[in-house]
Peer 1: 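Right, I'll just put the structure down here and ask away after.
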There are 2 protein chains.
Amino acid sequence: MNRKGARATISDVAKAAQTGKTSVSRYLNGELQVLSADLKQRIEHAIAALDYRPSQMARGLKRGRTRLIGLIIADITNPYSVDVLSGIEAACRAQGFTLLVCNTNNEVDQEQHYLQLLSSYQVEGIVVNAVGMREEALGRLQQSLLPMVLIDRKIPDFACDVIGLNNTEAATVATRHLIDQGYRALLFLSEPLGLVNTRQERLEAFVSCARDRHDLITESAEVALTDADQLEQVLLDFYQRHRGEPAAVLVANGALTLQAARALRRLGLNWGEEIGLLGFDELEWAELAGVGITTLKQPTWQIGYAALEQVIRRIEGDNAPVSEQVFSGELIVRGSTTTR
Amino acid sequence: MNRKGARATISDVAKAAQTGKTSVSRYLNGELQVLSADLKQRIEHAIAALDYRPSQMARGLKRGRTRLIGLIIADITNPYSVDVLSGIEAACRAQGFTLLVCNTNNEVDQEQHYLQLLSSYQVEGIVVNAVGMREEALGRLQQSLLPMVLIDRKIPDFACDVIGLNNTEAATVATRHLIDQGYRALLFLSEPLGLVNTRQERLEAFVSCARDRHDLITESAEVALTDADQLEQVLLDFYQRHRGEPAAVLVANGALTLQAARALRRLGLNWGEEIGLLGFDELEWAELAGVGITTLKQPTWQIGYAALEQVIRRIEGDNAPVSEQVFSGELIVRGSTTTR
DNA sequence: CTGTTAGCGCGTTCAC
DNA sequence: GTGAACGCGCTAACAG
């Protein structure tokens with residue numbers, strides 16, 4: 001090793017192999033044809049002996065390519081996000097990139113903070129599963145020309161590649177299923193719509209399905225994920241006003257489905273019997289909850305994988321106009337919409 | 001901006017503020033008292049105008065401190081790991097570190113790969129939630145003196161700080177609870193023990209509790225997480241052999257609890273009625289599954305947070321002998337062990 | 001208080 | 001084929 005306890009550098013290797021740094025560098029970068037067999041041997045040997053590994057820091061500094069991708073996730077405890085992360089991770093591995101994961105905890109401030117941070121680490125691209133972003137930040141990102149793709153939801157007035165679910169199609173499939181099963185009073189339950197296109201699109205499709213069907217009653221409600229009481233209230237109210245007819249709830253995402261199921265449980269309402277229940281996002285425990293919960297499963301892993309592929313395309317210079325890539329969901333029917 | 005479309009550098013800022021790089025550097029590092037008010041103003045202005053952000057790459061290269069921490073996670077889809085991650089993430093934020101997350105997908109090869117990778121990014125410390133590591137890798141890590149802590153499980157013959165659950169205490173609490181509830185035939189269900197100390201300790205404590213209690217029957221079984229048939233077989237067999245007496249299953253971790261619940265469901269055995277069920281690790285859906293599943297909740301977030309604190313202590317030069325920090329679990333009683 | 005200088009570890013001309 | 005020398009963006013002496 002070298003005099004200090006520190007890590008071996010390219011110079012140490014060069015010295016040990018009795019050559020210059022240039023040749024070592026070439027060896028590392030695969031320009032093997034240019035080196036004599038003997039020299040190759042010596043370098044290989046020296047590297048092994050010193051347990052040398054090139055510093056990605058210095059390399060990035062010099063070349064301007066860090067092979068780093070930043071991922072900003074709003075809520076790491078959300079299974080949807082984790083599955084997506086898993087897909088992104090796989091794609092990174094396949095393409096030789098390393099992922100810098102940042103969890104914003106649903107705080108807009110953190111989102112800002114991490115955007116800065118990632119940029120200061122010279123990431124080559126960013127994937128965002130956002131809560132919402134302030135406009136200054138967006139301006140900066142655009143002018144910095146950092147390749148970026150959004151997952152799941154768009155950001156208003158921000159031209160950017162988006163990868164996500166075909167919300168209209170999926171919500172239509174879900175709603176039709178409920179109608180086909182004979183439900184006549186339908187409640188669309190969502191977190192506050194805000195400017196979240198995902199929620200809006202799902203709601204719109206839901207409403208569209210029921211248009212011109214005067215035998216149907218459709219309603220919608222927005223509740224905060226954290227407000228258990230309000231949720232209980234909304235569900236109870238809906239149920240009581242439609243005692244006579246088959247009623248069902250369509251929940252806009254997995255996290256809310258969990259809360260809704262808890263609320264129904266507390267109210268003593270059994271899904272599949274007193275009330276229908278269908279939730280967006282597959283849940284690993286869906287079959288274990290009572291008679292099972294019907295879900296609309298998203299191809300989350302593929303969404304993540306595709307997102308990373310898109311960023312890389314941009315990194316490699318693709319200048320095509322902003323694209324939107326949507327995937328189809330899959331309805332998984334269980335007891336909560338079939339048992340009556 | 002500067003001539004190229006590239007990012008502003010410290011030199012650009014110095015030029016714009018009509019000063020040298022040093023002063024800018026000082027400004028950035030908070031040595032504000034040393035700068036004249038006027039100069040401070042000019043620098044502040046220039047930074048804002050150029051939207052300058054220091055390159056952490058160059059900074060790390062120079063100082064040898066990257067403020068980067070590597071996290072190696074065996075399975076990112078495991079809720080336990082995610083909660084831990086969440087705690088680590090929070091601690092990183094609080095301490096000004098950035099997290100590099102690597103998911104090994106339970107593959108030992110990937111673990112190797114990422115260890116190399118992290119080291120090449122000059123991370124200052126590593127947190128590992130491992131599957132198992134080859135010895136060469138360990139040797140390298142030790143000689144490289146990279147601070148490292150293990151989460152949840154130890155690695156045989158590898159002296160390293162460990163943070164995790166007090167397995168003996170937790171398993172004792174769980175087993176006693178089952179005994180107190182009147183169960184007389186007890187099955188400890190785990191993934192293959194291998195060299196995983198966590199599983200071994202839990203099993204040992206389970207066995208200890210029943211020692212000298214000749215009115216109890218205790219058994220244990222090891223099944224692969226992916227082998228649904230085998231799991232079903234084991235559970236059915238256990239149940240049938242103990243028809244006459246109250247029987248309960250203690251499952252060693254959350255992922256396996258999910259599979260066990262599915263298997264019982266398929267067998268038509270209702271937990272809480274025909275058979276008792278208690279699982280390590282809290283599950284968000286535990287209360288929704290039938291009569292509810294009793295769990296032993298780990299303080300996962302705190303474990304993650306503490307792990308990061310420990311790495312940082314090492315980074316800052318703490319040379320105390322290898323430590324082991326354990327946390328207490330909490331038994332959350334639900335229907336699966338109380339309904340009979 | 002401020003500017004000048006010398007590297008950190010590496011990749012890259014450009015000569016030999 | 002090979003190596004010397006320069007600079008990426010930044011910080012840390014060392015002068016003024």
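Residue numbers start from 1 in every chain, and the chains themselves are labelled A, B, ... in the order their sequence lines are given, proteins ahead of strands.
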Peer 1: For A/R59 and for B/Q33, find the nucleotide of DNA chain C with the closest heavy atom, then tell me which residue's nucleotide is more 5'.
Peer 2: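 Nearer the 5' end of the strand: B/Q33.
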
Peer 1: Can you find a side-chain donor-acceptor pair between A/D75 and A/S81 that sits under 3.5 Å?
Peer 2: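 The answer is no; no qualifying pair exists.
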
Peer 1: When rounded to the nearest 0.5 angstrom, what distance separates CG in A/N103 from SG in B/C92?
Peer 2: 11.0 Å

Peer 1: Expressed as a whole number of angstroms, how long is the span from B/M57:CE to C/dG11:C1'?
Peer 2: 16 Å

Peer 1: Can you find a side-chain donor-acceptor pair between B/S120 and A/R53 that sits under 3.5 Å?
Peer 2: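 There is no such pair between these side chains.
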
Peer 1: Nearest-Å distance, NZ (A/K15) to P (D/dG3)?
Peer 2: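 Rounded to whole Å, this separation is 14 Å.
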
Peer 1: Ignoring the backbone of A/R63, work out which of C/dT12, D/dT2, D/dT11 is nearest its side chain.
Peer 2: C/dT12

Peer 1: Given atom CZ of A/R65 and atom P of C/dG9, what is their separation to the nearest angstrom?
Peer 2: 22 Å

Peer 1: Whether the B/Q310 and B/D161 side chains hold a donor-acceptor pair (N or O, under 3.5 Å, no angle test) is what I'd like checked.
Peer 2: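 There is such a pair between these side chains.
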
Peer 1: In this structure, how many angstroms lie between the C1' atom of D/dT11 and the NZ atom of B/K62, rounded?
Peer 2: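 Roughly 5 Å, once rounded to whole Å.
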
Peer 1: CD of A/Q41: more than 12 outside heavy atoms within 6.0 angstrom?
Peer 2: no

Peer 1: In whole angstroms, how far is the P atom of D/dG9 from the CZ atom of B/R53?
Peer 2: 15 Å

Peer 1: Give a yes/no on whether any side-chain N or O of B/Y52 is located under 4.0 angstrom from OP1 or OP2 of D/dC10.
Peer 2: yes

Peer 1: Regarding A/S23, tell me which of base, sugar-phosphate or nothing describes its non-hydrogen contacts under 4.0 Å with the strands shown.
Peer 2: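 The residue A/S23 makes sugar-phosphate contact but no base contact.
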
Peer 1: Is the distance from OP1 or OP2 of C/dC8 to the nearest side-chain N or O of A/S55 less than 4.0 Å?
Peer 2: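 Checking C/dC8 against A/S55, no side-chain N or O comes under 4.0 Å of OP1 or OP2.
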
Peer 1: Figure out the CD1/P separation between B/I10 and D/dA12, and round it to whole Å.
Peer 2: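 In whole Å, D/dA12 P lies 11 Å from B/I10 CD1.
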
Peer 1: Say whether B/S36 and B/D38, considering side chains only, have a donor N or O and an acceptor N or O under 3.5 Å apart.
Peer 2: no

Peer 1: Provide, to the nearest angstrom, the distance between the CG atom belonging to A/D12 and the C1' atom belonging to C/dG9.
Peer 2: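 Rounded to whole Å, this separation is 10 Å.
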
Peer 1: Tabulate protein N/O versus nucleotide N/O from nucleotides 13-16 of chain D, keeping only pairs under 3.5 Å, one per line.
Peer 2:
none

Peer 1: Can you identify which nucleotide, out of D/dG9, C/dG11, D/dT2, has its nearest atom closest to the A/L28 side chain?
Peer 2: C/dG11

Peer 1: Both A/N29 and B/L35 contact DNA chain C. Taking the nearest nucleotide for each, which residue is further toward the 5' end?
Peer 2: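 Comparing both residues, the 5'-ward one is B/L35.
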
Peer 1: Does A/K21 make a side-chain donor-acceptor contact with the base of C/dG11, cut-off 3.5 Å?
Peer 2: yes

Peer 1: For a quick test of reading the model: is some side-chain N or O of A/S11 closer than 4.0 Å to OP1 or OP2 of C/dG9?
Peer 2: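 It does not, given that no N or O in the side chain of A/S11 lies less than 4.0 Å from OP1 or OP2 of C/dG9.
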
Peer 1: In whole Å, what is the span from the CZ atom of B/R67 to the P atom of D/dC10?
Peer 2: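 Distance, rounded to whole Å: 18 Å.
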
Peer 1: Looking at residues at least two apart in the chain, or sitting in another chain, which of them share a ring pair (Phe, Tyr, Trp, His ring centres under 6.0 Å) with A/Y27?
Peer 2: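 Expected list: none.
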
